[in-house]
Every structure is written in C-alpha cells, then in structure tokens.
Novice: 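Handing you a structure now.
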Amino acid sequence: MTGFFLIAAILTASPTSSTPPKVAPDTLRQQVASLSAKGDLDSALALVEKAAPALPASWAGLYRGKLVLRGADAHKSFDSAIADSLHGDASRGEAVFRLGQWHYAAGEYRLAIPRFREYLLHYPRGPWRNPAAYWMGYSCLQLVRQYPAKKVYLDTGLHYVEGLESRGRPKGYYLPLALAIKARLMIARGNNGDTAAALKALDEARRRAPDEEVPANLLLSAQAAKRVNPDTAMLWEDSVMWEYPTSMEASLLVTPAASSVASTQGATTSTTSTTPAPSPSTSSAKSAVSKTKAPSRYTLQLGSFTLGRNAEEMRKKLAAKKIRVWIEQNAQGASRAYRVFHGIFADSLSARKEGLRLFKPMSYPFRVVPLSP
C-alpha cells in the first residue's frame with residue numbers, strides 16, 4: 001500500500017477505545033482522509049491545525065505526526081501524543097504503534113521493538129494488533145541479520161508472529177506476510193524440522209497472499225528447498241521465471257534460456273534427434289520413455305506453474321504452432337507445480353540444440369532436464 005493510501009486508511013479507521021475524543025467529529029476525519037488520499041497533505045495539515053484548539057492534545061499530536069513530512073517533526077508529534085494521553089486511550093495506542101513504525105523505517109530496530117511490545121501489551125484487541133505483531137517479528141529478523149549471534153531475537157520474533165497466526169487466523173493482509181516472516185525466522189534459526197515447517201508456512205502464504213507478494217514467496221520457497229531437495233528448489237525458481245518474468249525476483253535469477261545458450265557456446269554441430277511426446281494432454285515422462293525405442297534420457301522443460309490453467313494455456317499456444325508438449329504435476333507440500341515438457345532426447349547436447357533451434361526464435365525460455373528412469 002502506497003503512502004497516501006496508507007494515510008487515508010489510518011485516518012478512516014475507527015478507534016476501539018470506549019472513550020471517544022472530546023472533539024474529533026467523523027466529518028473532520030473524513031475530510032482529512034480525503035485530502036490525504038489526493039496527496040494534498042498541506043491542506044489536510046492546515047485543517048487539523050485549525051481544529052487543534054478544540055481537539056484533545058493527544059489527538060492533535062497524533063494527526064500532526066501522520067501528516068507532517070519531516071521525520072523529526074513526526075517523531076516529536078507522536079511523542080507529544082503519548083505524553084498527553086493515558087494508557088488505554090485510543091490516541092495513545094495509535095501513537096505508540098506509529099512511533100514503532102517510525103523507528104523501524106529509520107533502521108532503529110532496538111527502539112521499534114519496545115514500542116510494538118507496549119502496544120500489544122496494553123492494546124491486545126486494538127485495531128493495530130496484527131500489523132504490530134508483524135512488524136515486531138520483522139524487527140527481530142532485522143536485528144538477527146545485524147547481529148547473527150543474537151539468536152534470542154529469532155524466538156522472540158516467532159512468538160509474536162505465531163501469536164498473530166493463532167488469533168482466529170485473521171483474513172487480513174498481514175497474515176500471509178506474517179507467514180512469510182515466520183518462514184524467514186525459521187530458516188535463519190536452522191533447527192531440525194525448521195525447514196519443513198518454513199516450507200509449510202510458505203505454502204499457505206502463497207495461497208493467501210495478494211498477487212504482488214507471490215513471487216517473493218516462491219523465491220523464498222526455492223531458497224528453503226535447496227536445503228532438502230534441490231529438484232524442488234528448481235521447480236519454484238522456474239515458477240518465478242515463467243509466471244512472473246517481469247518481477248524483481250525473476251531478475252535475480254539467471255534465465256534458463258541464457259544458461260542454455262551459454263552452455264552451448266563453442267559446441268560442435270551434430271544431428272538432433274527428437275521424439276515428440278505421445279500426447280498433448282497430461283501424461284508422465286516415464287510413460288513417454290516407455291513408448292519410444294530411442295535411448296531417451298533428456299527433455300526440454302518449457303515452463304513450471306503453480307496454476308494448472310497456466311500450464312494448459314501454454315500447451316494450447318504451442319499446439320497452435322504444431323508443437324506437442326505434455327504436462328506433469330509435482331506435489332510440493334500442500335501445493336502443486338505443473339511443468340510443461342517437450343521432446344525426448346538421447347543426450348543433453350541434442351536437447352539444447354533443439355531448444356535453441358525451436359524455442360529461441362520464439363523467445364521461449366527452456367531448461368534441459370533429465371527424464372526420470
């Protein structure tokens with residue numbers, strides 16, 4: 001969520017305190033939120049300053065902290081809101097949470113953690129409890145990265161993130177993010193069983209996460225899977241490459257086509273031997289091998305997808321070009337990967353040459369993979 005929309009969401013959220021501010025009419029909140037959403041922070045702040053004499057000091061400070069542009073001024077305003085309010089006041093709770101966010105954004109994780117802990121202690125049912133638990137876990141993870149010997153932060157972060165997960169399994173935006181943080185903390189901890197638990201958390205995170213978060217979860221799944229199953233890790237990397245080719249995560253990986261081209265530079269010319277797959281529908285590579293007399297050992301993987309319909313769409317597009325492929329399903333925990341294959345080859349060099357001849361002109365990435373015996 002971008003800055004302006006975040007501000008709008010903050011200002012339109014209703015406080016849960018049973019004691020509303022003396023003067024904080026819904027009209028003021030709505031007007032400020034509307035101006036903030038349009039990017040007109042100056043007018044929103046002017047509106048708050050005009051109403052400030054009639055507002056409790058804590059609410060005026062909270063509004064200022066969310067609207068001023070200079071970080072030092074925001075810090076000062078949140079501090080004043082905390083000082084001018086009592087424990088249990090909605091304005092104080094939000095100010096404590098916002099100050100924790102401010103410290104996190106400034107890289108001051110040691111100062112952010114006490115603020116998030118204070119909010120969760122005094123406002124266990126407050127409107128910011130889920131993001132507070134998430135940012136608490138993320139702050140602990142950042143401290144572990146800075147100080148690898150401070151393993152205590154791993155368990156602390158897991159405690160708060162798992163607390164968020166156990167609160168009725170909320171459907172909000174922060175649960176899938178928290179599941180990803182849980183996986184990162186468990187991978188960093190590295191105890192027996194942690195990797196498997198991390199992959200399970202990532203499976204659920206992918207199912208619940210918004211689309212923009214899925215590539216990061218897929219790449220994290222690949223990184224975790226490398227510890228236990230390199231072949232599974234390759235599937236998740238391929239899913240990033242083929243399903244999210246323009247994502248930042250894809251840019252971190254070497255494209256299969258590029259690696260294939262590099263590996264064939266300087267190779268001598270030889271005859272390409274290709275046997276098409278027996279059926280364009282879903283069938284196993286093993287059955288394809290049994291139906292050919294050639295000593296088939298390699299195939300071309302053209303895609304790996306987390307959604308079967310994407311694999312089927314690729315099959316249809318290639319069928320229209322008179323290229324036959326088959327689809328294999330591979331279970332990955334609670335999820336599945338759908339891989340698209342073409343051809344059966346006697347050796348990897350023949351497979352690469354066919355991939356360069358047939359798919360490179362169409363800008364289709366490919367990977368040479370061995371067939372299962």
Novice: With a 4.5 Å heavy-atom cut-off, do Lys150 and Leu143 have their side chains touching?
Specialist: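 No. Closest side-chain heavy atoms not under 4.5 Å.
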Novice: For the residue pair Met234 and Arg339, establish whether any side-chain heavy-atom pair is separated by less than 4.5 Å.
Specialist: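 Result yes, sub-4.5 Å side-chain heavy-atom pair found.
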Novice: Nearest 0.5 angstrom please: Arg208 CZ to Asp203 CG, how far?
Specialist: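 Arg208 CZ to Asp203 CG: 12.5 Å, rounded to 0.5 Å.
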Novice: Hey, which of Arg367, Gln223, Lys226 is the one that makes side chain to side chain donor-acceptor pair (under 3.5 Å) with Glu237?
Specialist: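 Output: one option passes, namely Lys226.
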Novice: Keeping the roles fixed (side chain from Arg227, backbone from Ala224), state whether a donor-acceptor pair exists under 3.5 Å.
Specialist: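 Not at all, since once roles are kept as given, no pair shorter than 3.5 Å links the two residues.
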Novice: Is Leu185 reachable from Tyr174 through a run of I, L, V, M, F, W or Y residues, each pair having side-chain heavy atoms under 4.5 Å apart?
Specialist: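 Same cluster.
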Novice: Give a yes or no on whether the backbone of Gly343 and the side-chain of Thr299 come within a donor-acceptor separation of less than 3.5 Å.
Specialist: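 Yes, the answer is positive, given that a donor and an acceptor are paired below the 3.5 Å cut-off.
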Novice: Which of parallel (below 30°), tilted (30 to 60°) and perpendicular (above 60°) describes Tyr123 and Tyr119?
Specialist: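 Correct class here is parallel.
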Novice: Does Ile187 belong to the same Ile/Leu/Val/Met/Phe/Trp/Tyr cluster as Leu219, with side-chain heavy atoms less than 4.5 Å apart forming each link?
Specialist: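 No, separate clusters.
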Novice: What's the shortest heavy-atom distance between Arg129 and Leu120, and which atoms?
Specialist: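 Shortest heavy-atom separation between Arg129 and Leu120 comes out as O-CD2, 3.4 Å.
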Novice: What are the two closest heavy atoms between Gly61 and Ala81, and how far apart are they?
Specialist: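 So the two residues come closest at C-CB, 4.0 Å.
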Novice: Let's go through Glu249 and Leu218 carefully: what are the C-alpha distance in whole Å and the side-chain angles of both, what is the deciding distance for side-chain contact (heavy atoms from CB on, under 4.5 Å) to 0.1 Å, and is it a yes or a no?
Specialist: CA-CA 9 Å; Glu249 288 75 15; Leu218 285 170; over 6 Å; no
Novice: For the residue pair His159 / Asp155, report whether a side-chain donor-acceptor contact shorter than 3.5 Å exists.
Specialist: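 His159 and Asp155 do not have a side-chain donor-acceptor pair below 3.5 Å.
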Novice: Looking only at atom types and distance, does a side-chain atom of Trp102 sit under 3.5 Å from a main-chain N or O of Gly71, one as donor and one as acceptor?
Specialist: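 Judged by distance alone, yes, a pair lies under 3.5 Å.
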Novice: So, do Phe341 and Leu371 sit near enough that their side-chain heavy atoms are less than 4.5 Å apart?
Specialist: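 Of all side-chain heavy-atom pairs linking Leu371 with Phe341, none is under 4.5 Å.
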Novice: Which heavy-atom pair separates Gly137 from Val161 by the least distance, and what is that distance?
Specialist: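 Taking every non-hydrogen atom into account, CA-CG2, 3.8 Å.
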Novice: Is a side-chain donor-acceptor pair under 3.5 Å present for Arg64 with Ser80?
Specialist: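 Not at all, the side chains of Ser80 and Arg64 share no donor-acceptor pair under 3.5 Å.
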Novice: Would a 4.5 Å heavy-atom cut-off, applied to side chains only, mark Tyr138 and Leu177 as touching?
Specialist: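 A side-chain contact under 4.5 Å is absent here.
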Novice: Could you tell me the separation between the CZ atom of Arg352 and the OH atom of Tyr298, rounded to the nearest 0.5 Å?
Specialist: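 OH of Tyr298 is found 8.0 Å from CZ of Arg352.
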Novice: Working to the nearest 0.5 Å, report the span between CG of Leu62 and CG of Leu99.
Specialist: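 Answer for the CG-CG pair, Leu62 versus Leu99, is 11.0 Å.
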Novice: Could you walk me through whether Thr156 and Ile113 pass side-chain contact (heavy atoms from CB on, under 4.5 Å), step by step?
Specialist: CA-CA 10 Å; Thr156 301; Ile113 286 175; 5.7 Å; no
Novice: Rounded to the nearest 0.5 Å, how far does CD of Glu312 lie from CZ of Phe305?
Specialist: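 One finds 11.0 Å between CZ of Phe305 and CD of Glu312.
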Novice: Please check: side-chain N/O of Asp89 versus main-chain N/O of Ser91, any donor-acceptor pairing under 3.5 Å?
Specialist: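 No, the answer is negative, given that no donor and acceptor are paired below the 3.5 Å cut-off.
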Novice: With a cut-off of under 6.0 Å to the ring centre and 45° to the axis, is Arg110 in cation-pi contact with Tyr147?
Specialist: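 Pair Arg110/Tyr147 counts as cation-pi.
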Novice: At their closest point, which heavy atom of Phe78 faces which heavy atom of Lys66, and how far apart are they?
Specialist: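 Phe78 and Lys66 have their closest heavy atoms at CZ-N, 3.9 Å.
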Novice: Assess the residue pair His103 and His75 against the criterion (side-chain contact (heavy atoms from CB on, under 4.5 Å)); give the C-alpha distance rounded to whole Å, side-chain angles, the decisive distance to 0.1 Å, and a yes or no.
Specialist: CA-CA 9 Å; His103 284 305; His75 187 301; 3.5 Å; yes
Novice: Starting from the C-alpha separation in whole Å, work towards a yes-or-no answer on side-chain contact (heavy atoms from CB on, under 4.5 Å) for Leu358 and Phe366.
Specialist: CA-CA 10 Å; Leu358 190 59; Phe366 63 87; over 6 Å; no
Novice: In terms of relative ring orientation, are Phe97 and Phe116 parallel, tilted or perpendicular, with 30° and 60° separating the classes?
Specialist: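 Tilted: the ring planes of Phe97 and Phe116 meet at 30° to 60°.
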Novice: Heavy atoms, side chains only, cut-off 4.5 Å: are Met314 and Val325 in contact?
Specialist: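 Met314 does not reach Val325 side chain to side chain.
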Novice: Report yes if the distance between the aromatic ring centroids of Phe359 and His342 is under 6.0 Å, otherwise no.
Specialist: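 Under 6.0 Å, so yes.
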Novice: Does a side-chain N-to-carboxylate-O contact under 4.0 Å join Arg92 and Glu118?
Specialist: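 Glu118 and Arg92: salt-bridged.
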Novice: How long is the span from the CG atom in Leu175 to the CG atom in Asn130, to the nearest 0.5 Å?
Specialist: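 Spacing of CG (Leu175) from CG (Asn130) equals 8.0 Å.
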Novice: With rounding to the nearest 0.5 angstrom, report the CE to CD1 distance, Met136 to Ile181.
Specialist: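 That separation rounds to 13.5 Å.
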Novice: Grab the two heavy atoms, one from Pro124 and one from His122, that are nearest each other, plus how far apart they are.
Specialist: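 So the two residues come closest at CD-C, 3.3 Å.
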Novice: Evaluate the side-chain proximity of Arg115 to Tyr104: yes if any heavy-atom separation is below 4.5 Å, no if none is.
Specialist: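 With C-beta onward as the side chain, the pair stays apart.
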Novice: Membership question, hydrophobic clusters at under 4.5 Å side-chain separation (ILVMFWY): are Trp236 and Leu252 in the same one?
Specialist: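 Per the 4.5 Å side-chain linkage, Leu252 and Trp236 are co-clustered.
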Novice: Leu220, Leu141: one ILVMFWY side-chain cluster at the under-4.5 Å cut-off?
Specialist: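 Result: no, two separate clusters.
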Novice: Do you know which two heavy atoms are closest between Val214 and Arg206, and how far apart they sit?
Specialist: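 Taking every non-hydrogen atom into account, CG2-O, 4.2 Å.
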Novice: Quick one: does Lys182's side chain get under 4.5 Å of Glu162's, heavy atoms only?
Specialist: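 Yes, at least one pair of side-chain atoms sits under 4.5 Å.
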Novice: Is Leu47 reachable from Leu45 through a run of I, L, V, M, F, W or Y residues, each pair having side-chain heavy atoms under 4.5 Å apart?
Specialist: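 Per the 4.5 Å side-chain linkage, Leu45 and Leu47 are co-clustered.
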